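Remember, it's 1-based here, ligands and their atoms both numbered in the order they're listed. Excluded from the calculations below are hydrogen atoms, water molecules and symmetry mates; all remaining heavy atoms, backbone and side chain alike, are included. These numbers come from a predicted model, not from an experiment.
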Amino acid sequence: MAETLTITDNRTGRQYEVPIQDGTIKATDLRQIKVAPDEFGLMTYDPAFMNTANCKSRITYIDGDKGVLLYRGYPIEQLAEQSDFLETASLILSGELPLQKQHDDWTRQVTLHTMLHTNIAKLMEGFRHDAHPMGMFISTVGALSTFYPDAKEIFSPESRRLQTIRLIAKLPSIAAYAFRHSIGRPFNQPDNDLTYAGNFLSMLFRMTELKYQPNPVLERAMEVLFILHADHEQNCSTTTMRTIGSSHADPYSALAGAAAALYGPLHGGANEAVLRMLHEIGSINHIPAFIKRVKAGEGRLMGFGHRVYKSYDPRAKIIKKMADLVFDATGKNPLLEMALELERIALEDEYFVSRKLYPNVDFYSGLIYQAMGFPVDMFPVLFAIPRTAGWIAQWEEMLNDPDQKIARPRQIYLGSGPRNYVPREKRK
Ligand code: ACO
């Protein structure tokens, strides 16, 4: 028997049967519920989409209570252990782990597209010397749409494939350029002999040596961090990507918007905020006073809490383990002890326990990035590079979904009723 929800409208005494499918009811099925025939009908009110599914998706699954994260069904722990970023990106984009030949072809295509048009480089040179790299990144990704007008062919699978390769290939180059610009050093051209992560490290850190050899521990750490950040279902930036894409804008414009959403301190800017917070706290002795202030509502414990995870974020667990390997290679980050103590105290404190606030992916990632030599301004950029795989996959899924239309929420209007314009000299 089909599952339904019976609703009684006590304004009219009428009853309605609303179908339940996949654990949801369709919000538009409520529109039939009205008192007078010329009324608009019942709507739902759900600021910040706290309980509204905006799409059907087959990409990423999260069980927030159990701390489970799957990409296309594969557990994040197995991918972080055994895969590399390009393979994981291919999985997220296509739905299946690639066969060897598909993987080789994909890797070759991405490697062939890593160079930037010289005018993109010139555009980036125009930024002030102290420009925030994420601001440079967002603007330059948006500018890519003017370099690749064929990207407007969003319903052509071949065009989408080409833009996907360009984005996955060029964003590390743009990120590296932004970094080199901000430290006043010349840009390093990509090195096609290196892996995706190795080439990125080379573009960032190569100095005068003819051949840059990435430290294998840091190269692997970069791959793992990229895998952990590759997708996370309908978060703020992904929803932005889908929303902009729903107007049929090209993927570069949509992705610039998604990256802008990621920039905020409540989303991708959180690990930058974690380090600033640790610096502000200053020493282990000041932690109890800091926790007291957080509990009094005077600020948040950054890197803690998540809209979906109500237990330990599985990505944070992997990162915490990886931190030891990285610190063996780079030397310990002096802020680590403070972070560990902060976590220990918070996990025992009733305020955090009762609200199910646990460390999220950003609590430890900043410490690793800093130990690897990244300034905090680069953190959101490091997040945006791998998330590009998820953004594109979600955008394509939205375009191919017959249920989707241009995103256009409703509102509850509480403003003034109609009134007549009063000339300025007559206003009181
Ligand atoms: N520190 C202190 N209190 C917190 C925190 C925190 N980090 N996070 C949530 N709370 C409290 C809120 O004050 C609220 O308490 P109340 O019920 O007494 O009012 C309760 O917990 C619920 O919080 P909400 O803000 O309603 O939770 P929401 O799901 O909207 O927020 C968010 C999720 C934005 C991640 C939040 O936990 C937060 O601001 N965390 C810090 C920023 C951060 O680390 N962001 C990274 C997220 S992961 C990512 O984007 C990759």
Side-chain angles (χ1 to χ4, degrees), residues 46-52 60 62-65 67-69 71 76 80 134 224-241 258-278 280-281 287-320 335 339 342-369 376 378-391 394:
D46 190 10
F49 304 117
M50 295 291 286
N51 194 38
T52 295
T60 292
I62 302 174
D63 183 331
D65 290 329
V68 170
L69 170 61
Y71 294 159
I76 191 67
M134 192 61 174
V224 173
L225 285 158
F226 280 173
I227 291 170
L228 299 183
H229 287 89
D231 192 48
H232 212 233
E233 54 118 309
Q234 310 313 313
N235 50 76
C236 176
S237 56
T238 301
T239 305
T240 306
M241 181 84 194
L262 188 74
Y263 194 6
L266 296 188
H267 190 7
N271 48 12
E272 180 174 344
V274 169
L275 284 210
R276 294 196 201 288
M277 173 187 77
L278 292 174
E280 264 167 48
I281 297 174
I287 289 177
F290 173 76
I291 296 270
K292 206 169 158 193
R293 286 203 301 280
V294 168
K295 285 160 61 175
E298 298 164 23
R300 292 205 155 186
L301 174 50
M302 300 311 287
F304 258 66
H306 198 275
R307 173 63 58 79
V308 181
Y309 292 119
K310 299 302 168 199
S311 68
Y312 215 102
D313 181 338
R315 302 167 301 171
K317 270 191 202 153
I318 297 168
I319 290 190
K320 200 174 166 187
L335 297 174
L342 202 51
E343 177 187 341
R344 192 189 65 74
I345 295 182
L347 291 183
E348 285 174 358
D349 192 297
E350 206 278 326
Y351 175 94
F352 296 92
V353 173
S354 64
R355 288 169 179 77
K356 299 192 177 168
L357 299 170
Y358 293 87
N360 60 49
V361 67
D362 284 328
F363 192 65
Y364 288 104
S365 64
L367 294 172
I368 296 184
Y369 290 142
V376 285
M378 274 299 284
F379 295 178
V381 179
L382 297 171
F383 191 159
I385 293 170
R387 185 52 60 87
T388 298
W391 287 331
Q394 301 270 352

So, regarding [X] and ligand 1 (criterion: nitrogen or oxygen to nitrogen or oxygen, under 3.5 Å), is there a contact or not?
X: Gly303; answer: yes
X: Lys310; answer: no
X: Phe304; answer: yes

Quick one: sort the Phe363 and Phe304 rings into parallel, tilted or perpendicular, breaks at 30° and 60°.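 Taking Phe304 first and then Phe363, their aromatic rings stand perpendicular (interplane angle over 60°).
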Using 30° and 60° as the class limits, which term best fits the ring planes of His232 and Tyr309: parallel, tilted or perpendicular?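 His232 vs Tyr309 ring planes: tilted.
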Hey, is [atom] under 4.0 Å from any protein heavy atom?
atom: atom 27 (O) of ligand 1; answer: no
atom: atom 19 (O) of ligand 1; answer: no
atom: atom 22 (C) of ligand 1; answer: no

With Tyr358 via ring-ring contact (aromatic ring centres under 6.0 Å, His included) - residues at least two apart: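 With neighbours one apart ignored, the set is empty.
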Note, [X] side chain near [Y] side chain (heavy atom, < 4.5 Å):
X: Trp391; Y: Ser237; result: yes
X: Arg344; Y: Ile287; result: no
X: Tyr364; Y: Val274; result: no
X: Leu382; Y: Asn271; result: no
X: Tyr71; Y: Ile76; result: yes
X: Ile319; Y: Asp313; result: no

Single hit among Leu228, Val361, Leu225 for side-chain contact (heavy atoms from CB on, under 4.5 Å) with Ile318: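 Per the side-chain contact (heavy atoms from CB on, under 4.5 Å) rule, the option paired with Ile318 is Leu228, out of Leu228, Val361, Leu225.
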[X] and ligand 1 - part of the residue with a heavy-atom distance under 4.0 Å:
X: Phe363; value: neither
X: His232; value: neither
X: Arg355; value: side chain
X: Leu357; value: side chain
X: Leu266; value: both
X: Asp362; value: side chain

Quick one: look up the protein heavy atom nearest [atom] and list residue, atom name and how far away it is.
atom: atom 48 (S) of ligand 1; answer: His306 CD2, 3.6 Å
atom: atom 2 (C) of ligand 1; answer: Val294 CG1, 3.5 Å
atom: atom 50 (O) of ligand 1; answer: His267 ND1, 3.0 Å
atom: atom 3 (N) of ligand 1; answer: Tyr351 OH, 3.0 Å
atom: atom 42 (C) of ligand 1; answer: Met302 CE, 3.4 Å
atom: atom 35 (C) of ligand 1; answer: Gly305 O, 3.7 Å
atom: atom 38 (C) of ligand 1; answer: Arg300 NH1, 3.2 Å

Should you measure from each heavy atom of [X], which atoms of ligand 1 turn up under 4.0 Å away?
X: Arg307; result: 28 (P), 29 (O), 30 (O), 33 (C)
X: Phe383; result: 51 (C)
X: Leu301; result: 1 (N), 2 (C), 6 (C), 7 (N)
X: Ala270; result: 43 (C), 44 (O), 45 (N), 46 (C)
X: Val361; result: 51 (C)

Salt bridge check, Arg276 against Glu272: does any charged N sit closer than 4.0 Å to a carboxylate O?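 A salt bridge links Glu272 with Arg276.
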How close do Ile62 and Glu233 get, heavy atom to heavy atom, and via which atoms?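 In terms of heavy atoms, the two residues are closest at CD1-CG, 3.3 Å.
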Pro314 and Leu69: which non-hydrogen atoms are nearest, and at how many Å?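 That would be CG-CB, 3.9 Å.
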What pairs of donor and acceptor atoms, side-chain ones from residues 288-302 against any protein atom, are under 3.5 angstrom apart with sequence neighbours left out?
| residue | atom | partner | partner atom | Å |
| --- | --- | --- | --- | --- |
| Lys295 | NZ | Asp349 | OD1 | 3.3 |
| Lys295 | NZ | Asp349 | OD2 | 2.9 |

